[in-house]
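Written out below as structure tokens is the structure these notes cover.
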Amino acid sequence: MKQDPVLADIDGLTVEVDGQVLVDRVGLRIRPGTVTALVGASGSGKTTTGLALLGEYPAGARVTGEVVVHGRIGFIPQHPASVLNPARRVGALLRDMARQQVRDLPRTRRRAAARQRVAEALADAQLPDAAELLRRYPHQLSGGQQQRVVLAQALLLGARVLVADEPTTGQDALTKRRVVDQLASVARRGIAVLLLSHDLDVVRELADEVVVMRGGRVVEKGPAHKVLENPVHPWTRELLAEPRTVPYAEEGRAGTEVLRVDGLVAHHGAGGSRVPVLRVAGLTLRTGECLAVVGRSGSGKTTLARCLAGLHRDHRGQVLLDGEPLPRSLRDRSREQLAAVQYVFQDARAAFDGHRPVLDQVARTAVRLRGAGREEATAEARRTLADLGLGDDLVRRLPGLLSGGELQRAALARALLARPRVLVCDEITSGLDPVTRRSLLDLLTVLVRQRDGLCVVLITHDLDTAAPATRIAVLDGGEVVEVGDREQILTAPRHPFTVALLRASTRRGSAVRP
Amino acid sequence: SGSGPATRDAGKDGGVPKRGGRLRAAFAGGGASETLDPHLGNLFADAARSKALFDKLADYGADLSAEPRLAERWEPNAALDRWTVTLRKAGFHDGKPVTAADVLYSYRRIADPAKAYRARASLEPIDLKASRATGARSLEFVLKRPTAEFPNIMAAFGTYIVPEGATGFDSGPVGSGPFRFVSFTPGRSTVLRRHEEYWDGAPHLDELEFVIANEESARINALLGGQVEYAHELNPATGRAHEKAGSIEIVRLPNSAMQAFAMKTDRPPFDDPRVREAFFHIAGREELVDGALSGAGEIGNDLFGKGYEYYADELPQREQDIDRARHLLKQAGAEGLKVTLDTSAVAAGFTEAAGIFRDQAARAGVTVEVRMGSKDSYWKDILDSGTLCCYRSGAMPIESHISQRLLTDSTTNATKWQDKGFDTLYQQAQSTKDKAERGALYGRMQRRLHAEGGFLVWGFGDWILGVAPSVRGVAREAPANTLDWARFDKVWLA
Amino acid sequence: MKRPGRYAAGAAVAGVPLALAVLGPFFVGEPGARAASFTPGGGHWLGTDFVGRDVLDQVLLGGRPVVLVALAATALAYLVALPVGLVSALTHRRWLEETLMRPLDVLLAVPSLLMLLLVAAAFPPGAVGLALLVALVSVPDAARIVRAAAAEAASRPAVEALRMQGESWWRLAVGYVGRSILRTLAADAGIRLTGALYLVATAAFLGIGVAPDASDWAVMVDRNRAGLFIQPWAVVVPALLIVALTMGSNLLVDAAMEHRAPAGRTPRDRVRSEPAPRAPVPPRKGRRP
Amino acid sequence: MSGLRSWIARRLLLGVAQTVAVVLLVFVLTEALPGDAAVAFAGDQPDPERIAAVREAMGLDRPAHIRLGEWVGGLLHGDFGTSLASGRPVSGFLADGFGPTVLLATVTVLLLVPVGVGLGVLAARREGRFTDRLISSATLGVYAVPEFALGVLLVTVFALRLGWFPPTAVGYGTDLLAHPAALVLPVLVLLARPVCSLSRLVRAGMIDALAAPYTAHAQRYGIPGFRVRYAHALPNALAPATQQLARTVDWLLCGVVVVEALFVIPGLGTVLMNAVADRDIPVVQGLAVVFGLATVVLNLGADLVTHRLAPRSGVAA
Ligand SMILES: Nc1ncnc2c1ncn2[C@@H]1O[C@H](COP(=O)(O)OP(=O)(O)OP(=O)(O)O)[C@@H](O)[C@H]1O
Ligand SMILES: Nc1ncnc2c1ncn2[C@@H]1O[C@H](COP(=O)(O)OP(=O)(O)OP(=O)(O)O)[C@@H](O)[C@H]1O
Ligand SMILES: [Mg+2]
Ligand SMILES: [Mg+2]
């Protein structure tokens with residue numbers, strides 16, 4: 001082996017499961033101090049390649065090729081919740097890791113030193129005032145907070161190689177900025193970063209090398225500026241195309257009111273530590289419109305969505321469907337009410353039953369909520385899934401065998417099968433490459449425009465995704481600071497927070513357009 | 001009767017009795033509600049402790065005849081309804097002599113109707129109001145009717161003599177027995193020390209400790225492990241296992257426990273003597289003894305008290321005869337008879353015997369359904385209800401057996417054997433002074449019972465003890481409940 | 001990663017008692033006359049038992065009731081415990097949970113001896129009394145274990161998603177939560193089976209269910225204990241068969257449960273104790289075809 | 001936190017009600033048993049006149065609810081009443097039985113937890129391999145051997161053959177601590193079954209926990225294997241085992257009749273056996289109070305742990 005500074009080397013890696021090739025002769029070299037970005041369509045084998053560095057492969061996989069890694073690897077998985085221990089407080093692993101690192105110090109100073117390190121790592125991961133956070137359990141964090149905790153773990157580890165699988169998907173624009181800065185400084189410290197991302201802004205900003213994958217193969221690779229500015233492969237070009245701007249909903253087709261939120265105050269925790277995390281004085285959804293909810297990570301977007309869906313009982317105020325108050329808990333909602341308000345979970349992997357094929361699970365919605373026959377439901381599920389780019393052989397697998405983005409689409413399909421009147425989508429595009437995202441949003445557009453009465457609540461961090469919405473609600477610290485038509489919010493934001501948010505997501509060359 | 005079997009055995013055991021040492025004896029007990037009150041005792045452990053601490057006026061010999069103890073002599077009047085008893089010179093542990101007043105106090109205490117002491121029924125024939133002390137050591141018992149077997153009353157279970165006025169017995173009971181009190185923890189242990197001035201000669205042992213171990217295997221393990229020197233009440237199987245091994249000695253006290261099935265003679269189907277006889281013929285006694293007693297015992301002949309005084313030896317041994325049984329049942333119109341046999345885990349061998357008998361009866365075309373009862377209330381339950389049940393009795397004189405169980409007014413008449421002629425015979429015997437004549441009367445009674453009684457006595461179980469090899473002077477012939485059973489004043493450690 | 005031999009050990013061990021239980025009764029001859037109890041030899045291959053019957057015959061006869069009774073008893077216990085445990089884990093109504101679970105706690109606190117005695121006194125011997133007894137004694141325990149195991153699974157987002165789909169309670173409780181805790185349930189049931197078996201023996205002794213001299217391995221073990229040292233076979237053979245049955249069936253269940261974790265990406269060699277590599281890891285080479 | 005506190009407070013209140021229910025149930029059960037203290041006292045001399053006299057002397061001729069009421073009245077003043085069979089105070093019975101029982105239970109649990117959990121974790125790590133099979137077979141084998149047989153076997157080998165330990169605790173009284181050797185065999189017998197049930201449950205939970213991504217994650221991040229297993233994976237596997245442990249402790253506290261009898265340890269089990277046999281209702285009721293409280297506290301403890309180990313539960317919609 002030559003004396004080069006390669007920290008991780010993947011050579012001719014092929015991963016096959018049951019004769020199906022997930023990754024085909026992939027080669028990669030990761031050098032200290034550089035960021036190598038792996039981009040590509042959803043399901044193109046990014047995660048599989050990244051996990052190979054960790055020595056993890058799908059169960060029953062045939063692996064050929066060579067993977068060599070020097071030193072310890074940090075890992076930020078696509079679904080951070082999966083690596084957070086549900087029975088332990090968030091701080092437990094961090095503290096254990098820190099303790100490992102201060103073993104050489106005199107006993108008396110260890111505690112303080114360990115605490116110090118944890119605090120630093122958390123700060124680096126953009127989790128300020130974390131002392132309180134450390135005492136929480138993973139489920140008590142928002143999606144973005146979970147992601148940052150996992151990032152903090154990786155930073156604390158002091159790994160020489162960092163595999164970051166979609167590290168910014170769950171973050172708002174402001175936080176994303178800082179995370180990106182943090183990753184950059186990590187790289188500057190000589191750590192090799194393998195960035196698996198759909199977020200081309202992030203890739204643009206961070207990557208030294210870009211590897212473009214499609215269908216398990218590397219279609220193009222090279223220095224970042226070369227690949228991004230002068231893509232050779234048509235697929236790369238497609239990936240880099242501009243985001244859509246066509247509004248989701250038909251303009252000016254002001255529908256009737258479907259859902260109204262009245263004096264909502266939602267709490268988390270129980271008893272004395274019950275804290276209000278969300279206040280919505282009033283919010284109305286009309287047929288045929290699409291409301292985007294944006295805001296910082298942890299601002300209460302998911303909580304709002306869960307209140308609507310009947311998944312968060314602990315709230316005051318009312319959610320009214322057609323003027324009728326909806327029961328707080330979805331257990332008390334009738335089938336019609338359940339079908340009317342559907343929620344697509346932020347963490348798609350956790351929301352599927354690992355034991356049953358995806359197709360079956362998706363089809364069940366139609367069976368249970370619309371009384372469709374089994375066959376009929378399956379056929380419809382298959383159609384909907386296909387519309388979302390998920391082939392038949394794919395959806396007959398167990399959820400564990402699907403990629404992150406694939407699962408996200410399946411989750412959307414599951415909700416769609418209810419023919420909901422209000423569809424609440426929590427970060428459904430975060431795991432998707434621009435191409436897939438575009439087609440998914442196109443589909444949504446078709447639905448909003450065609451299906452009479454459907455209205456969509458789109459929770460997102462991505463202003464590109466939010467921009468075509470009919471209206472946009474901006475959440476900060478649990479308060480709705482601003483709601484308005486897209487034009488107004490994007491061009492004439494009133495609240496300083498909205499301004500900050502917009503500024504943060506302004507990217508090189510192109511501002512967000514109405 | 002002078003020297004008891006214990007002293008006889010001491011010679012056989014070899015060597016001259018050695019003084020000293022502490023013997024630990026393991027008994028099954030009654031837990032934290034145990035008491036040292038000799039009149040309250042119910043269990044073997046109580047009986048053994050009472051025997052060590054107290055004395056009775058008389059006690060049973062190996063053949064269940066009464067032997068004088070605190071009473072030196074007894075003499076009836078001609079009508080057999082007044083008995084003069086002379087006490088021997090004996091002292092309580094506190095140095096006071098045993099007097100006639102103590103005896104009267106003790107008997108009156110037992111007979112107190114409010115207290116329901118177990119021995120009260122035994123003392124029933126005595127008119128305690130009329131009885132009186134005639135001197136410091138002599139007294140006259142006035143009886144309600146002629147009672148030839150009055151000495152049996154003085155030897156009856158639980159008729160211990162306590163000092164006049166004694167009430168509390170748990171801390172520092174005072175008796176006249178061979179051992180004096182040291183300590184007592186109910187359900188665990190009782191420690192006693194030699195009473196040097198004991199009238200029958202001071203015990204050889206310095207100290208005697210009764211420890212309670214309810215589980216048989218615990219008793220045998222404690223014995224094998226050297227934690228106790230004497231283990232009371234072992235299983236026949238345990239006996240067999242250790243008999244030849246040599247590490248401990250197995251002592252079998254024969255004829256200790258009568259095993260029987262009791263048929264209620266006052267109700268169908270057993271009100272027909274032919275059915276009773278058929279059942280006598282159904283029983284395969286060897287099979288029952290081998291199976292239910294694991295061979296540790298002898299077969300019975302449907303009579304109580306094998307080997308005891310007055311036992312009707314001459315009657316032919318009854319054998320299993322299924323054909324005859326079938327024939328008798330047919331005669332009685334009881335073909336395809338169905339009976340329920342009550343049993344319970346209350347005594348060793350009961351459930352086993354029930355199962356075996358069920359199979360034997362099946363061969364005679366009788367369906368026996370075995371019903372398990374609660375062991376805590378078994379004796380009460382079978383007394384009046386049911387038709388057929390497992391029955392057991394410890395050793396007692398044949399006369400007591402009859403008076404307690406077979407007379408019209410007997411309190412525990414489990415066979416409901418109520419027969420005027422039989423009662424008369426009994427009264428006749430009680431008014432007969434001559435022993436041989438009396439024996440003849442008992443013989444007549446037993447013939448009737450053998451022919452048509454309600455007890456199907458199929459066997460007599462051995463009482464099995466285990467002792468450490470160093471223990472000498474343990475009686476080998478005394479059935480349980482007799483004088484030499486669980487008697488420790490003649491025991492010594494080699 | 002299928003190992004064909006993984007069922008072998010369990011099957012081999014459980015096979016003997018199961019075969020005996022199924023086929024044994026066909027090989028029993030007419031019961032001969034009884035011999036003395038606890039005698040070895042004498043034409044009896046395994047000697048005689050506490051009432052002088054042939055031990056071999058008893059062994060051949062005694063398997064069927066054991067297997068049937070223990071299985072039925074455990075099944076019955078779970079039939080009650082599973083719904084109770086799952087309902088209380090899945091409900092968000094505290095009062096419902098308390099109503100279901102607290103009375104069971106009361107049952108738990110009543111000494112089982114007393115329970116046994118009472119059932120013995122109150123019910124005629126027979127399958128009903130026995131079933132009731134085993135249910136009474138095992139249900140509270142089992143329900144608490146089900147409840148504890150289900151608590152985590154019942155709070156997963158997947159359950160929320162199923163609710164969102166309007167899935168039936170059964171589907172949710174049995175299809176998802178039950179399935180997620182299957183391994184724990186299997187472990188508990190496997191153990192409970194053996195417990196039930198000896199409970200039957202104790203009950204038999206107190207007069208519930210089967211006769212105290214029934215041909216039943218567990219009853220044999222219990223009732224022949226007095227003769228352990230003179231005729232050990234009467235205890236040892238049925239005890240060994242019960243041990244084999246317990247061990248074999250549990251090993252079979254273990255084998256069936258092997259790698260039942262939902263498929264997904266797992267490290268090649270599953271996570272074991274080996275510390276993560278610190279120094280350069282040796283190259284992980286895949287097999288070249 | 002205070003939500004938890006109010007939950008505990010409510011459970012304790014419920015616990016009092018439960019204990020009352022236990023006492024009532026036990027009273028009814030004991031009353032329902034055939035025979036009463038007088039019958040039990042009469043034994044094989046069930047002379048009806050005598051039984052009636054005893055009944056009167058014991059006050060059993062009064063209606064059951066009056067006797068219960070009197071007993072409850074006494075209990076409110078901290079008086080457990082007096083035993084029917086011996087006339088001694090019930091509290092004495094309880095105090096006597098409590099010492100040995102608590103000692104045995106403590107020693108057993110102190111050994112049980114590390115051994116049971118350790119074996120379960122080890123078996124889970126080696127799932128399907130030789131070690132797993134060995135541990136499973138051995139514990140299951142021991143489990144399937146009845147207690148008395150195991151006890152007799154241990155006594156025969158270790159006490160009678162080898163002479164290492166005394167075969168029973170006969171004659172040692174309540175002061176078992178002074179004779180630690182006498183505790184070894186009983187504790188071994190007591191351990192046999194719980195070790196199996198505990199380790200099987202831990203194993204079952206641990207297999208899934210060890211395969212979970214969070215465990216791999218902790219391991220990947222250089223946490224020593226021991227800590228990964230016991231501090232990170234184990235909590236996810238422990239809830240059912242905790243319930244099992246509570247049941248075990250309950251069983252240990254409420255009287256391990258066979259072991260007490262086999263080794264002559266006069267604990268609460270023996271007290272209960274005798275009291276039931278004597279139909280000594282005040283003693284049985286006294287025990288019911290103790291058992292009821294023990295069960296309530298233990299179940300509450302176990303539920304707290306379960307709650308703590310599944311923190312997400314309770315917030316579900
Ligand atoms: N165990 C498995 N068996 C079979 N196919 C699998 C398995 N695991 C993943 N796949 C398939 O392999 C392909 C690549 O998956 P991978 O997770 O690497 O994609 P990805 O590039 O990370 O996608 P995304 O951006 O959606 O996360 C997907 O189509 C997925 O369905
Ligand atoms: N169970 C809980 N207990 C206590 N606090 C909680 C709990 N769940 C969420 N929170 C807190 O409530 C706030 C709002 O959470 P929510 O999940 O709604 O955020 P979000 O806007 O969806 O964020 P993200 O974009 O990161 O997903 C966060 O600060 C989070 O830490
Ligand atoms: Mg991926
Ligand atoms: Mg969120």
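Naming: A, B, ... by sequence-line order, numbering from 1 per chain. Computed from heavy atoms alone, side chains included, the values below leave out hydrogens, waters and symmetry copies.
- B/Trp417 is not listed as a side-chain neighbour of B/Thr408, based on a closest heavy-atom distance of 4.5 Å or more.
- Interface remark: D/Arg50 contributes backbone and side-chain atoms alike to the contact with chain B (heavy atom separation under 4.5 Å).
- The part of B/Arg120 that comes within reach of chain D is its side chain, from C-beta onward, which places non-hydrogen atoms under 4.5 angstrom from that chain.
- Both the backbone and the side chain of B/Asn221 come within contact range of chain D, each with at least one heavy atom under 4.5 Å from a heavy atom of that chain.
- Proximity to chain D is limited to the backbone of B/Ala114, based on heavy atoms less than 4.5 angstrom apart.
- Both the backbone and the side chain of B/Leu224 come within contact range of chain D, each with at least one heavy atom under 4.5 Å from a heavy atom of that chain.
- In this structure, B/Arg118 forms a cation-pi arrangement with B/Phe157, its terminal cationic atom sitting closer than 6.0 Å to the ring centre and no more than 45° off the ring axis.
- Only the side chain of D/Asp278 comes within contact range of chain B, with heavy atoms under 4.5 Å apart.
- Looking at B/Arg371, its side chain never comes within 3.5 Å of a backbone N or O of B/Thr340 through a donor-acceptor pair.
- Within the 4.5 angstrom heavy-atom criterion, only side-chain atoms of B/Ser217, from C-beta onward, approach chain D.
- Contacts of B/Arg392 with chain D are made by side-chain atoms alone, with heavy-atom separations under 4.5 Å and no backbone atom involved.
- Looking at B/Tyr117, the atoms closer than 4.5 Å to chain D (heavy atoms on both sides) all sit in the backbone: N, CA, C or O.
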